[in-house]
Enquirer: 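The structure's right below; bear with me while I get my questions together.
Computed from a prediction, not measured in an experiment: that's the story for all the values here. We number each residue from 1, following the sequence as shown. Counting starts at 1 for both ligands and their atoms, following the listed order.
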Amino acid sequence: MTEHRSPDAHFRTSLLEENDGPGANPTDNRTMGEIIAARFSRRGFLKGSLAVSAIAATVSPLALITADNARAAEGSAFAFDELEAGIDDKHHVAPGYDADVLLRWGDPLFADSPEFDPTKQSAEAQARQFGYNNDYVGYIPIDGSAEHGLLVVNHEYTNPHLMFPGLVTIVDGKAKQAPLSKEQVDVEMTAHGGTIVEIRKVSGKWQVVRDGKLNRRITSNTEIALSGPVAGHDRVKTSADPSGTKVIGTVNNCAGGVTPWGTYVMAEENIHGYFSGELPQGKEAANYKRLGIPEGAYEWAAHYDRFDIGKEPNEPNRFGWIVEVDVQDPTSVPRKRTAMGRFKHEGAESIVAKDGRVVFYLGDDERFDYVYKFVTTGKFNPDDRAANMDLLDDGTLHVAKFADDGSVEWLPIVFGQGPLTAENGFASQADVLIETRRAADLLGATKMDRPEDIQPNAANGKVYVMLTNNSKRKADQVDAANPRAENAFGHIIEIVEDGGDFAATNGKWEVLLKCGDPSVAAVGATFSTATTANGWFGMPDNCAVDSAGRLWVATDGQGPKATGRTDGLWAVDTEGPARATSKLFFRVPIGAEMCGPLFAPDDQTAFVAVQHPGDGGEDWEAFGRPSYYEDLSTRWPDFKPDMPVRPAVVAITRQGGGKIAV
Ligand code: FEO
Ligand code: CA
Ligand code: CA
Ligand code: CA
């Protein structure tokens, strides 16, 4: 019998979101930390000496800081009264705004959907209801409207200890979780994937159109086609699919994107957790090791052979891709676009380059892994939607190499070029794409501090890269001039591509922000001095730009111990004297991370996704014990004793209407 990991108290956030598995990058390529250190050692010195002489010659340090504050506050692109940071069991938004719960886990999506009943969960019901742990949120207008459209939402993963009654017992103050039944596994599988649902704004408030004709659930049981260079390759054939073109399901859809032609793209991130079992000798060993497969965090392999690599050794090669969904046809078969590479895909935000090619920025969320971009071969045709439908099957994937001098080179990942040859075990582009990480290792890409969402900004031509943290970066991997031997709080990189061309293969980069508490000198955070005690944050993750090109950053991993505040949504200035000023706009209840965010095309709504609320409570003074179905640190958003905590999408609007933060 196949061995499965003991499910005792394996609360999945810690297993899957730490991204500290055996997939860790084994190469000697330089880390981002080493390169930042090299840059700051020079610049920091220069800036420091100039500042000291200026202060000595003219005014007191205090007067200088006050003047800086005034300039930064005046120059801010955001007008709203900042919210106070803190921790409790509710969500909070800046004064003058409403934050209304729009869609909760279990909410009906179709005319025939059953109402949510946590004591009568079934796969059949869940497949007709909103899924769990909402992450990416996208909006596709209907008839060009900013008040009527399709909301597309990823459901990244499941937390059984919060979802199902009767699973957890407390032994010596610690939570122990019983194995799941097959029925519970089936609910988990249908709670994953994505939701496409029609929404409409009526009298200033958003409503779900329950019987919208394009409403759809995508789950871990939906048939999905493999397309692009890997389709039909021997390494993706299984006993159920000898053609190597038909996959059942998608998992761990983290961030994502909406393409310029209005399709929905879902990124498959932590795929390693779903596979269990022992790989037959010699086959795919190095490939799977580089991704940490199998991790066995889920119990799916006990009931479905395709998740047991002893029985289906090729199945993991069918996961870790970008999935594209044609939302205009609810019967369409989604496609895993293999040309975009296989790794722990975080997101897939895109932009049309000057010449009409389409550029996707892609993060691989693991400590010491890479930043990628994919450039289509074909050009976007704004007048013919059908002509764009297979653009993602043909293009060039690149990986970023950041240099000390502030330049970045995008290295093409192409079979036959450089080291990507038979000598290194690649026989085709399909091999290169299946083992994207190993190909990028060989090219000498820069090891990053966990790349999350990456956002190109049409308004100013810049690209923002969220690097969430990397506490494993050792002292000998950073320069003494950079005090952050462990990057516990993450940072944000800003890229400007050469000639303002997003398809360029070279560009320049800057650190926009090193995150963390700026009042603690040892943290080395670089928020502007106008940033208040509420305004700083750590662990940037998902992000968005609104139509004015302003940056909004959502966080994952703050909390009582990490930062003394919950996760939330921060407005971050990027231009002028206010650059690197941050202000808190929204915060989540205890245990949650902040996902989404997304601005409606008229900037009058910010959609945010509250993911895994109530997941944790031991570290919070007001609770101080494990949080699980029967004893939750929050019962957000319903606060009813018979209703568990529920991840949900929240729509933020300005009281009385109007654009947000102007
Ligand atoms: Fe699913 Fe990297 O956050
Ligand atoms: Ca994320
Ligand atoms: Ca985003
Ligand atoms: Ca994350």
Enquirer: Can you confirm if the aromatic rings of Trp536 and Phe489 lie within a centre distance of less than 6.0 Å?
Expert: no
Enquirer: What is the name of the N/O/S atom of Glu156 that is nearest to atom 1 (Fe) of ligand 1?
Expert: OE2
Enquirer: Once rounded to 10 degrees, what value does the angle at the Ca ion (ligand 2) take between OD1 (Asn542) and OD1 (Asp541)?
Expert: 70°
Enquirer: Considering just N/O/S atoms, say which atom of Glu452 is closest to atom 2 (Fe) of ligand 1.
Expert: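 Of all N, O or S atoms in Glu452, atom 2 (Fe) of ligand 1 lies closest to OE1.
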Enquirer: Is a side-chain N or O of His155 found less than 3.5 angstrom from the main chain of Tyr132, in a donor-acceptor match?
Expert: yes
Enquirer: Is there a donor-acceptor contact under 3.5 Å from the side chain of Asn252 to the main chain of Asn270?
Expert: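 Between the backbone of Asn270 and the side chain of Asn252 there is a qualifying donor-acceptor contact (under 3.5 Å).
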Enquirer: Please work out which of the three classes, parallel, tilted or perpendicular, describes the rings of Phe527 and Phe537, given edges at 30° and 60°.
Expert: perpendicular
Enquirer: Relative to atom 2 (Fe) of ligand 1, which of the N, O or S atoms in Asp365 is the closest?
Expert: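 It is OD2 of Asp365.
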Enquirer: Under 2.8 Å from atom 2 (Fe) of ligand 1, is there an N/O/S atom belonging to Glu346?
Expert: yes
Enquirer: Any side-chain to backbone donor/acceptor pair from Asp453 onto Cys543? Under 3.5 Å, distance only.
Expert: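 Side chain of Asp453 to backbone of Cys543: a pair is present.
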Enquirer: If I take every N, O or S atom of Asp556, is at least one of them less than 2.8 Å from atom 2 (Fe) of ligand 1?
Expert: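 Checking Asp556: none of its N, O or S atoms is under 2.8 Å.
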Enquirer: Does His612 offer a backbone N or O that forms a donor-acceptor pair with the side chain of Asp615 under 3.5 Å?
Expert: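 Side chain of Asp615 to backbone of His612: no pair is present.
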Enquirer: Indicate yes or no: at least one non-hydrogen side-chain atom of Leu226 is less than 4.5 angstrom from one of Trp321.
Expert: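 Yes, close enough: below the 4.5 Å cut-off.
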Enquirer: Nearest to the Ca ion (ligand 2), which N, O or S atom of Glu452 do we find?
Expert: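 Looking at Glu452, the N, O or S atom with the least distance to the Ca ion (ligand 2) is OE1.
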Enquirer: Looking at the Ca ion (ligand 2), is there an N, O or S atom belonging to Asp453 that lies under 3.0 Å away from it?
Expert: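 So Asp453 does not bind the Ca ion (ligand 2) by this criterion.
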Enquirer: Determine which of the N, O or S atoms in Glu346 is closest to the Ca ion (ligand 2) and give its atom name.
Expert: OE2
Enquirer: Among the N/O/S atoms of Glu269, which is closest to atom 2 (Fe) of ligand 1? Give the atom name.
Expert: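 Result: OE2.
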